[in-house]
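No hydrogens, no waters, no symmetry mates; every other heavy atom, side chains included, goes into these values. FYI, the numbering just counts along the sequence from 1.
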Amino acid sequence: MKTENMNIQFRIAKTLHQDILNDLKRPHDYTYERVGFIYTKTVQLNNGNYIILATNYVPVNDKNYIKDDSVGAKINSTAIRLAMQGMIDTGCGCFHVHFHKHKGKPFPSITDSEDLPELVKSFNNIKTKEANGFLILSENGFYAETKIDNISDTYKIESFSCIGYPMELQYPRKMRRKTSIYDRQSFLGKDSQFLFENIKVGIVGYGGGGSHIGQQLAHIGVKNITIFDDDKTEDTNLNRLIGAIYRDIRNATLKTYIAQRVIKKIFPNSKIQPVNDKWQKRPKQLQDCDIVFGCIDSYSERHQLEAECRRFLIPLIDIGMDVHKVDSYSMSGQIILSMPGHPCMTCFGFLSEDKLEIEAKKYGNIGGRPQVVWSNGALASTAVGIFVDLVTGWSGECDKGIYLAYDGNTGKIEDHIRFKFCTNTCTHYPISEVGPATYKKI
């Protein structure tokens, strides 16, 4: 297997990452540092790259350390056997993890470089198809190597994503370039433009909301965008599809083509991947995204998309609006951040079995909902603002949950009434169940 241009990304939920750091920082009676094991699931993408998903963490029991002043920590064979048994029980790969107490990128010691690759090979003998490796954490950095499949030696992991609010994204192999184009958004942080140019963003549904989002992402300098939409332009799209022109109706232009046309004119160096299909038919391209915008109408589509994003540790920013008529017309909408490890759309009460059942009785045909350009623009702009803060952390807010309600009649956007009654945890999508869906044999 050629590894020169292969990229391996390690994804971990911030909640799990913090639990690991808290454990590794605990003092021990006679060792200088602690050790633990992270279980992982591995996904190979269509481009040959890999994503490693952290599922859970097991610390080494105090009694399984060996007193040895020549090294930071030494564990006995029982600790290793237990880690290997855990691999068999869970079907996961395994990463040895320890902590170096400093800021910046950590590097393996001489002992780490001599001993840990051999341990990784032992893990690989148990689960060849899963990634196995070692991970060194610092206060704000990482170093990791992995052995996977038929790669002969351990391979250095270059991309690390800690999934939370804000996200922590590291791309050590990427080059930084200077430009004055984005000087007026430099308040977002010195690394903001570097992050925008390297993060991979998915847009599911390129209609009234998605087209606003695509245009705005291009303006702020997002370079890698994958767009999922199998529709062609119709006359009813012209009132809200940003970038569509009259002849697109006659030509039945693909919406993904309109996206390319708009984004490339703004940011010619953009790498746009048009997917003229349902995302369900091209799931690997969705799994490769770091963040996804959901701009779809139905509850069932949202439920499916959220489940996929949760399984692959991808934050999902959902937007939607509708117009209802009782005595008069009322326009409303929502923006929801579905963050792995935090409340989902079911936790928030936006999705429910009753809503899915009622929609299913209509055989999935909910008809053409009223849509207008200004309400979609308000929702999309708010969603892009959330994305920017999620990537850069410029506002200084942490562990923020988001469920916003939009009143199109007054123009107000504020926390949804349900938000205050929601806990900060999710029982519907446990972090331990990330990775491709598996089915038990009966």
Side-chain angles (χ1 to χ4, degrees), residues 8 10 12-13 15-42 52-102 105-139 141-149 151-157 160 430-432 434-435:
I8 300 176
F10 192 100
I12 184 170
T15 50
L16 179 58
H17 180 258
Q18 190 58 56
D19 287 344
I20 294 170
L21 285 177
N22 291 342
D23 178 71
L24 295 177
K25 290 179 180 180
R26 288 186 301 127
H28 189 274
D29 288 344
Y30 51 81
T31 65
Y32 297 107
E33 60 189 25
R34 285 185 176 270
V35 171
F37 297 99
I38 302 174
Y39 292 114
T40 60
K41 289 289 187 180
T42 310
I52 300 171
L53 304 163
T55 65
N56 55 8
Y57 169 74
V58 178
V60 171
N61 192 291
D62 283 5
K63 66 183 181 181
N64 291 329
Y65 287 91
I66 298 171
K67 191 171 185 179
D68 187 340
D69 293 338
S70 66
V71 293
K74 190 173 184 179
I75 57 177
N76 62 23
S77 59
T78 300
I80 296 172
R81 283 199 304 270
L82 288 172
M84 291 178 172
Q85 185 60 51
M87 295 172 66
I88 296 170
D89 294 341
T90 62
C92 292
C94 187
F95 274 68
H96 175 288
V97 59
H98 64 284
F99 174 72
H100 286 184
K101 190 176 181 180
H102 61 78
K105 186 177 179 66
F107 290 95
S109 65
I110 294 174
T111 303
D112 293 336
S113 298
E114 290 177 349
D115 295 345
L116 292 182
E118 293 303 313
L119 177 61
V120 172
K121 289 178 183 178
S122 298
F123 288 160
N124 201 64
N125 289 334
I126 297 174
K127 288 292 176 183
T128 304
K129 297 297 181 182
E130 296 291 339
N132 301 285
F134 68 89
L135 174 65
I136 304 171
L137 298 174
S138 70
E139 293 286 358
F142 83 102
Y143 179 93
E145 292 186 19
T146 185
K147 182 173 173 58
I148 183 171
D149 207 6
I151 300 175
S152 58
D153 298 314
T154 56
Y155 184 81
K156 190 180 295 185
I157 297 174
F160 185 85
I431 295 296
S432 59
V434 302

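Note that NE2 of His96 is 12.0 Å distant from OG of Ser122, once rounded to the nearest 0.5 Å. In this structure, Tyr65 OH and Asn76 CG are separated by 10.5 Å, a value rounded to the nearest 0.5 Å. Annotation: the span from Ile431 atom CD1 to His17 atom NE2 amounts to 13.5 Å, rounded to 0.5 Å. A distance of 8.5 Å separates CG of Asn61 from CG of Leu82, quoted to the nearest 0.5 Å. In this structure, Phe123 CZ and Thr128 OG1 are separated by 13.5 Å, a value rounded to the nearest 0.5 Å. In this structure, the separation between CD1 on Ile80 and CD on Gln85 is 14.5 Å, given to the nearest 0.5 Å.
When side chains are defined from C-beta on, Asn132 counts as touching Cys94, because their heavy atoms get closer than 4.5 Å. Contact of the Tyr143 side chain with the Asp112 side chain is not registered, since no non-hydrogen atoms from C-beta on lie closer than 4.5 Å. Side-chain atoms of Tyr39 and Val58, non-hydrogen and from C-beta on, do get closer than 4.5 Å to each other. In this structure the side chain of Glu145 never reaches within 4.5 angstrom of the side chain of Leu116, judged on heavy atoms. Taking the side chain as every heavy atom from C-beta outward, Ile38 and Ile20 approach each other to under 4.5 Å. For the pair Tyr57 and Asp19, the minimum side-chain heavy-atom distance is 4.5 Å or more. Counting heavy atoms from C-beta on, the side chains of Lys105 and Ser138 never come closer than 4.5 Å.
Summarising the geometry of Pro108 relative to Ile136, their closest heavy-atom pair is CA-CD1, 3.5 Å, with the distance given to 0.1 Å. Closest of all the heavy-atom pairs between Thr40 and Glu130 is O-OE1, 3.8 Å. Closest approach of Phe37 to Ala79, counting heavy atoms only: CE1-O, 4.0 Å. Taking all atoms of both residues into account, the shortest heavy-atom contact from Ala54 to Ile12 is CB-CG1, 3.7 Å. Taking both residues in full, the closest heavy atoms of Asp23 and Pro59 are given as OD2-CB, 3.3 Å, listed atom of the first, atom of the second, then distance. When every heavy atom of Leu137 is checked against every heavy atom of Pro106, the shortest pair comes out as C-CG, 4.2 Å.
Applying the 6.0 Å contact sphere to NZ of Lys101 captures no more than 12 heavy atoms from other residues, nucleotides or ligands. Within 6.0 Å of CD1 on Ile110 lie no more than 12 heavy atoms contributed by other residues, nucleotides or ligands. Atom OH of Tyr30 sits in a crowded spot, with more than 12 heavy atoms from other residues, nucleotides or ligands closer than 6.0 Å.
Side-chain atoms of Asn124 never come within 3.5 Å of backbone atoms of Val120 as a donor-acceptor pair (strictly under, hydrogens ignored). Between the side chain of Ser432 and the backbone N or O of Asn56 there is no donor-acceptor pair closer than 3.5 Å.
Between Asp62 and Arg34 there is a salt bridge, with a side-chain nitrogen of the basic residue lying less than 4.0 Å from a carboxylate oxygen of the acidic one.
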* Determine, stepwise, if the pair Thr90 / Thr55 fulfils side chain to side chain contact (heavy atoms under 4.5 Å, CB included). => CA-CA 10 Å; Thr90 62; Thr55 65; over 6 Å; no
* Asked: Are Phe95 and Ile52 close enough, and set up right, to give a side chain to side chain contact (heavy atoms under 4.5 Å, CB included), and what steps lead you there?
  -> CA-CA 10 Å; Phe95 274 68; Ile52 300 171; 3.9 Å; yes
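The aromatic rings of His102 and His100 are tilted relative to each other, their planes meeting at an angle between 30° and 60°. Between Phe160 and Phe142, the two ring planes are parallel [angle under 30°; tilted spans 30° to 60°].
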